[in-house]
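Just so you know, these numbers come straight off a predicted model, no measurement behind them. Values below: every heavy atom of this structure, side chains too, minus hydrogens, waters and symmetry copies. Counting from 1, the numbers follow the sequence of the chain as shown.
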Amino acid sequence: MRAMVLQKVVSPLVMIESADPEPAAGHIRLRISACGVCRTDLHVVDGELPNPKLPLVPGHEIVGYVDKLGPGVTAFTEGDRVGVPWLARTCGICRYCLEGQENLCDQPQFTGYTIDGGYASYTIADARFVFRLTTNATDPEAAPFLCAGLIGWRSLRMAGTGNRLGMYGFGAAAHLIAQIAKAQGREVYAFVRPGDSAAKAFALLHGATWAGSSEESPPQPLDAVIIYAPVGALVPIALRAVRKGGRVVCAGIHMSDIPTFPYRLLWEERQILSVANLTRQDGLDFFAALSTLKISSEVTTYPLNLANLALDDLREGRLQGAAVLIPSQSVSSNLSENRPVTP
């Protein structure tokens with residue numbers, strides 16, 4: 001198989017070829033058709049998340065087709081279209097697993113971080129943590145659902161049921177969740193980088209009622225805010241934007257330091273919450289919701305061997321929506337600066 005491998009943090013990925021992996025008991029092998037490029041991948045590659053498995057195949061927004069079953073697998077058959085998310089495995093015996101909070105498991109495994117992920121032509125996954133994909137979305141369009149969608153869904157639930165919802169950072173997750181919030185009858189207020197008129201237009205196109213700079217105040221107090229941008233300085237800004245009793249949900253796995261702020265911003269029962277990983281129930285609920293909602297994902301596709309370019313484009317804010325790698329595509333090395341394709 002072909003794979004883009006992180007051999008050392010804060011260094012480019014390297015293309016390798018190796019034998020196709022074999023599934024152990026309870027596992028399946030997938031032929032990967034699409035893998036999203038998530039900001040969490042950046043945090044891994046850039047050394048902002050500690051102790052990744054090295055060498056490592058990143059990627060945890062995997063869409064593929066079951067290619068081979070390991071012993072004991074009966075839930076899937078060869079040819080099934082499935083999705084592999086960030087949460088790869090849990091211990092099943094710690095207090096969090098036993099109390100229905102497997103996202104907080106004491107001994108978890110994570111796809112594309114502690115085990116190899118989807119920047120490859122094949123991968124191995126624990127069949128218990130794989131989702132059957134019945135959505136009408138194409139494979140590239142479905143890839144962002146496996147993290148941007150799932151973590152976005154969890155963050156939306158944690159934000160509560162308030163009508164006026166703010167979102168800071170309007171990228172892969174926000175452009176999906178804004179559409180869901182709009183379908184639920186909510187108003188979405190999008191905050192983007194100062195001066196980024198294209199991002200404002202993108203937000204308005206994908207469900208936002210209002211779009212403005214992160215330095216602006218919303219036209220009215222918000223019931224809740226979700227922060228998708230990994231910028232700690234946005235926390236006190238978001239607290240100023242929510243009403244009394246409002247919530248600020250930090251949806252990323254990594255964030256820069258939160259600056260000090262006066263207690264009065266938190267007073268009047270405002271709350272700051274964080275989102276940690278996901279549960280399998282989140283996935284079941286999310287994909288059930290997609291079956292009744294018309295949600296579109298905006299993707300830009302890259303051949304597998306341009307994974308470093310996709311990461312750079314995400315890092316530098318050159319994307320609208322999500323980046324997706326297509327393992328079946330490749331370009332010669334002297335075309336490494338070719339620009340990607342938005343379907």
Side-chain angles (χ1 to χ4, degrees), residues 1-5 13 15-23 27-38 40-41 56-70 73 75-88 110-112 115-127 129-150 172 176 283 286-287 290-291 295-311 313-314 319 321-331 338 340-343:
M1 74 171 191
R2 300 162 63 241
M4 293 296 288
V5 176
L13 307 183
M15 173 70 78
I16 68 163
E17 293 192 15
S18 64
D20 295 344
E22 292 295 325
H27 290 66
I28 57 176
R29 185 173 72 192
L30 277 70
R31 175 179 55 81
I32 300 172
S33 57
C35 183
V37 178
C38 178
T40 300
D41 300 339
L56 172 72
V57 179
H60 57 274
E61 296 181 327
I62 305 171
V63 175
Y65 294 82
V66 177
D67 176 74
K68 189 172 185 179
L69 303 175
V73 175
F76 298 100
T77 59
E78 291 184 12
D80 286 347
R81 185 170 83 143
V82 298
V84 180
W86 169 249
L87 186 66
F110 299 112
T111 310
I115 66 173
D116 285 333
Y119 288 16
S121 49
Y122 290 90
T123 196
I124 300 294
D126 187 325
F129 290 82
V130 170
F131 297 111
R132 189 181 301 276
L133 297 181
T134 58
T135 172
N136 290 327
T138 66
D139 295 346
E141 291 168 345
F145 295 161
L146 274 302
C147 185
L150 289 173
L176 297 175
F286 174 67
F287 287 113
L290 288 188
S291 68
I295 304 300
S296 63
S297 61
E298 189 86 14
V299 300
T300 301
T301 61
Y302 299 72
L304 178 62
N305 61 336
L306 293 190
N308 289 311
L309 178 59
L311 288 165
D313 285 349
L314 178 59
L319 287 166
V324 177
L325 300 178
I326 308 298
S328 62
Q329 298 177 0
S330 65
V331 296
N338 278 16
V341 177
T342 302

A.B. asks: Mind running side chain to side chain contact (heavy atoms under 4.5 Å, CB included) on L13 and L311 for me, showing each step along the way?
C.D. replies: CA-CA 10 Å; L13 307 183; L311 288 165; 4.0 Å; yes

A.B. asks: List the residues meeting salt bridge (charged side-chain N to carboxylate O under 4.0 Å, His left out) with R132, not counting sequence neighbours, and say none if there are none.
C.D. replies: D80

A.B. asks: Working to the nearest 0.5 Å, report the span between CD1 of I28 and OG1 of T123.
C.D. replies: 9.5 Å

A.B. asks: Nearest heavy-atom pair of V324 and A34: which atoms, and what distance?
C.D. replies: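 The answer is CG1-CB, 3.8 Å.
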
A.B. asks: Tell me, please, which residues at least two apart from S328 pass side-chain hydrogen bond (donor to acceptor under 3.5 Å, both in side chains).
C.D. replies: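 Residues passing side-chain hydrogen bond (donor to acceptor under 3.5 Å, both in side chains) with S328: none at all.
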
A.B. asks: To the nearest 0.5 Å, tell me how far R2 CZ sits from I32 CD1.
C.D. replies: 11.5 Å

A.B. asks: Do the rings of F286 and F145 sit parallel, tilted or perpendicular, given the 30° and 60° boundaries?
C.D. replies: perpendicular

A.B. asks: Determine the minimum heavy-atom distance between L146 and I62, stating which atoms define it.
C.D. replies: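 Result for this residue pair: CG-O, 3.8 Å.
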
A.B. asks: If the condition is salt bridge (charged side-chain N to carboxylate O under 4.0 Å, His left out), which residues does E17 pass it with, not counting sequence neighbours?
C.D. replies: none

A.B. asks: Are the side chain of T111 and the backbone of G117 linked by a donor-acceptor contact shorter than 3.5 Å?
C.D. replies: no

A.B. asks: Return the NE2 to SG distance between H60 and C147, rounded to the nearest 0.5 Å.
C.D. replies: 3.5 Å

A.B. asks: If the condition is side chain to side chain contact (heavy atoms under 4.5 Å, CB included), which residues does A172 pass it with, not counting sequence neighbours?
C.D. replies: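 A172: side chain to side chain contact (heavy atoms under 4.5 Å, CB included) contacts with A148, A322.
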
A.B. asks: Closer than 3.5 angstrom, by distance alone: can the side chain of S121 be matched with the main-chain N or O of M1 as a donor-acceptor pair?
C.D. replies: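 Not at all, since once roles are kept as given, no pair shorter than 3.5 Å links the two residues.
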
A.B. asks: Side chains of S291 and T134: closer than 4.5 Å at any heavy-atom pair?
C.D. replies: no

A.B. asks: Apply side-chain hydrogen bond (donor to acceptor under 3.5 Å, both in side chains) to D139 and list each qualifying residue two or more places apart in sequence or on a separate chain.
C.D. replies: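 side-chain hydrogen bond (donor to acceptor under 3.5 Å, both in side chains) check on D139 returns S33, Y65, R81.
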
A.B. asks: With sequence neighbours excluded, what pairs up with S296 under the side-chain hydrogen bond (donor to acceptor under 3.5 Å, both in side chains) test?
C.D. replies: Q179

A.B. asks: Which atom names give the shortest non-hydrogen contact between L150 and P85, and what distance separates them?
C.D. replies: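 What the structure gives for the nearest pair is CD1-CB, 3.9 Å.
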
A.B. asks: Once rounded to the nearest 0.5 Å, what's the spacing between atom OH of Y122 and atom CG of L30?
C.D. replies: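 One finds 10.5 Å between OH of Y122 and CG of L30.
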
A.B. asks: Can R29 and E22 be counted as an ion pair, charged N to O under 4.0 angstrom?
C.D. replies: yes

A.B. asks: Do you know which two heavy atoms are closest between S297 and L176, and how far apart they sit?
C.D. replies: CB-CD2, 3.6 Å

A.B. asks: Hey, are the side chains of M4 and N308 touching, using non-hydrogen atoms and a 4.5 Å cut-off?
C.D. replies: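 Yes, at least one pair of side-chain atoms sits under 4.5 Å.
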
A.B. asks: For the residue pair L56 and G112, what are the closest heavy atoms and their distance?
C.D. replies: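 Taking every non-hydrogen atom into account, CD2-O, 3.3 Å.
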
A.B. asks: Scan D313, L309, L314 and name whichever one has a side chain to side chain contact (heavy atoms under 4.5 Å, CB included) with V37.
C.D. replies: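 That would be L314; it is the only one of D313, L309, L314 passing the side chain to side chain contact (heavy atoms under 4.5 Å, CB included) with V37.
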
A.B. asks: Supply the atom-to-atom distance D126 CG to I124 CD1, rounded to the nearest 0.5 angstrom.
C.D. replies: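 It comes to 11.0 Å.
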
A.B. asks: Any chance you could measure E78, atom CD, to D67, atom CG, to the nearest 0.5 Å?
C.D. replies: 6.5 Å

A.B. asks: For residues D41 and Y119, determine if any side-chain heavy atom of one lies less than 4.5 Å from a side-chain heavy atom of the other.
C.D. replies: yes

A.B. asks: How far apart are the closest heavy atoms of I115 and A88, and which atoms are they?
C.D. replies: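 In this case the closest contact between I115 and A88 is CD1-CB, 3.4 Å.
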
